[in-house]
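This is a predicted model, so every value here is computed, not measured.
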Amino acid sequence: MTGSTVAPFTADDYRARMERAARAAADAGLAGLLVAPGPDLVWLTGYAPTAITERLTLLVIAAGMDPVLVVPTLEAPDAAKAPGAPALSLRDWTDGKDPYAATAALLDAAGHFGVSDNAWAMHLLGLQKALPGSSYASLTEALPMLRAVKDAAELELLAAAGAAADATYEEIRKVPFAGRRESDVARDLADLLRRFGHAQVDFTIVASGPNGANPHHEVGDRVIERGDMVVLDFGGLRNGYGSDTSRTVHVGEPTEEERRVHDIVREAQEAGFRAVRPGVACQEVDRAARAVIADAGYGEYFIHRTGHGIGVTTHEPPYMIEGEEQPLVPGMCFSVEPGIYLPGRFGMRIEDIVTVTEDGGRRLNDTTRELVIVD
């Protein structure tokens, strides 16, 4: 598989993202955003410190000022090389100085700020001590849709990641399953994802037989047997954007019941996909998929949400779940992955990444959703 032809993001791209974040913060009634190292910082600036330590690194986006990245002096040269660095100012601090005082000088002393979810508690507590009149909310709470709508370049990268995951599935179907351990097949999946361009493998679930009834089964040394249903769920990051797909295969000929249950899951996945269109609430995707499974008599065995967003992480907002009234917007990307899990027997899941278009949805995974027989 060839690499993506999408050009690297530029300083102007990152500037536009930070401006978008500043507007969103103001619209949400926030005095600004405080972004620690992690996916939000990568998305906003392109900067990913090689080591995340106790030294404070924090992007400050506040009303009436250009973005400022507060960094330890010894890491400032690397931060200055980030692709988004020309769109912000660097303020470094040296060991022995108080980084919270330096950061507090940039902030409204009584402001209410959004803070990236993965900020260290010690850093947030340090800021609270320096600014006792300030208050904070997690970005997931305050701006859950900040990264949800992808631009054309991001969609191309997600499509390329999805194609790489599809290529991985086409290859894994050719390997032997019977007589091998789940961990052996999981290792094959990881190797294939890397072969097809993934720099990071986040998960390789291989859940055989009764293990398939656990949606997040930890791969173990169970030997896969003929007659087993096997749930495969795998993904990671390729060129900084995520893949995540699930297919269910059968070792040898399935029973009539196994075929019937798989058909129900496939129909539910199709119903969830057909529900995708602009303006529809996220919960409607969940309802559409869940209704098919409930009507078939298996409602109590569909035990998780129908989907989650994906982007620079493999799990992020929006979530396709009852109670989520966020309307779908063109450019949103998320999984549609209903399943049925019969304790002590087997489980099944079918998952595609879907993006919202102007008039519906488009799948970013195109491998067959039929029950595949493997050796």
side-chain hydrogen bond (donor to acceptor under 3.5 Å, both in side chains) evaluation trace for Asp244 with Ser335: CA-CA 8 Å; Asp244 185 1; Ser335 65; 5.3 Å; no
Hey, which of Arg173, Arg266, Arg247 is the one that makes salt bridge (charged side-chain N to carboxylate O under 4.0 Å, His left out) with Glu370? Arg266
With sequence neighbours excluded, residues passing salt bridge (Lys or Arg N to Asp or Glu O under 4.0 Å) with Asp12: Arg15
By salt bridge (Lys or Arg N to Asp or Glu O under 4.0 Å), Glu253 pairs with (sequence neighbours left out) Arg259
Nearest heavy-atom pair of [X] and [Y]: which atoms, and what distance?
X      : Y      : value
Gly46  : Pro83  : O-CD, 3.7 Å
Gln128 : Ser134 : CA-OG, 4.4 Å
Glu258 : Pro254 : OE1-CA, 3.3 Å
Ala142 : Leu30  : CB-CD1, 4.0 Å
Arg91  : Ala102 : NH1-O, 4.1 Å
Asp108 : Leu131 : O-CD1, 4.5 Å

Check: [Y] main-chain N/O paired with [X] side-chain donor or acceptor under 3.5 Å:
X      : Y      : answer
Thr355 : Cys333 : no
Arg20  : Leu146 : yes
Asn365 : Ile353 : yes
Asp228 : Ser208 : no
Asp233 : Ser246 : no
Arg362 : Thr357 : no
Gln283 : Gly323 : yes
Glu156 : Ala153 : no

pair [X]-[Y]: side-chain heavy atoms closer than 4.5 Å:
X      : Y      : result
Asp66  : Met18  : no
Ile264 : Ile340 : yes
Leu193 : Arg238 : no
Glu316 : Phe334 : no
Leu342 : Met229 : no
Thr245 : Thr168 : no

Would you tell me whether Thr140 and Asp117 have side-chain atoms, one donor and one acceptor, within less than 3.5 Å of each other? yes
Does a donor on one side chain and an acceptor on the other come within less than 3.5 Å for His198 and Ser243?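 Per modelled atom types, His198 and Ser243 side chains form a pair under 3.5 Å.
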Check for me, please, whether [X] and [Y] land in the same ILVMFWY cluster - side-chain distances under 4.5 Å, paths through other members count.
X      : Y      : result
Val374 : Leu192 : yes
Leu44  : Val68  : no
Leu364 : Val356 : no

Would you please classify the geometry between the His315 ring and the Phe203 ring as parallel, tilted or perpendicular, with 30° and 60° separating the classes? perpendicular
Describe, in one word, how the ring planes of Phe234 and Tyr169 are oriented to each other, choosing from parallel (under 30°), tilted (30 to 60°) and perpendicular (over 60°). parallel
Checking Arg363 against Glu270 for the salt bridge (charged side-chain N to carboxylate O under 4.0 Å, His left out) test, could you report, in this order, the C-alpha distance in whole Å, the side-chain angles of both residues, the deciding distance, and whether it holds? CA-CA 11 Å; Arg363 298 181 194 265; Glu270 178 65 24; 2.5 Å; yes
The residue among Leu127, Val70, Leu59 that forms side chain to side chain contact (heavy atoms under 4.5 Å, CB included) with Leu34 is Leu127
Quickly, which of Thr53, Leu56, Thr57, Asp92 forms a side chain to side chain contact (heavy atoms under 4.5 Å, CB included) with Pro72? Name it, please. Thr57
Test salt bridge (charged side-chain N to carboxylate O under 4.0 Å, His left out) on Asp263 and Arg260 and set out the steps. CA-CA 5 Å; Asp263 282 345; Arg260 182 177 71 254; over 6 Å; no
Separation of Glu75 CD from Asp78 CG (nearest 0.5 Å):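 CD of Glu75 is found 7.5 Å from CG of Asp78.
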Does the salt bridge (charged side-chain N to carboxylate O under 4.0 Å, His left out) test come out yes or no for Asp40 and Arg147, once each step is laid out? CA-CA 8 Å; Asp40 291 315; Arg147 304 194 319 255; 2.4 Å; yes
Distance under 6.0 Å and angle within 45° of the ring axis: does Arg369 meet both against Phe273?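 Judged by the rule, Arg369 and Phe273 form no cation-pi pair.
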For the residue pair Arg290 and Phe302, would you count it as a cation-pi contact if the rule is NZ or CZ under 6.0 angstrom from the ring centre and within 45 degrees of the ring axis?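 Satisfied, under 6.0 Å and within 45°.
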Could you tell me whether Tyr341 and His304 have their ring centroids closer than 6.0 angstrom?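 Yes, the ring centres sit under 6.0 Å apart.
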Counting only heavy atoms not in Arg222 (residues, nucleotides, ligands), do more than 12 fall under 6.0 Å from its CZ?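 More than 12 within 6.0 Å, yes.
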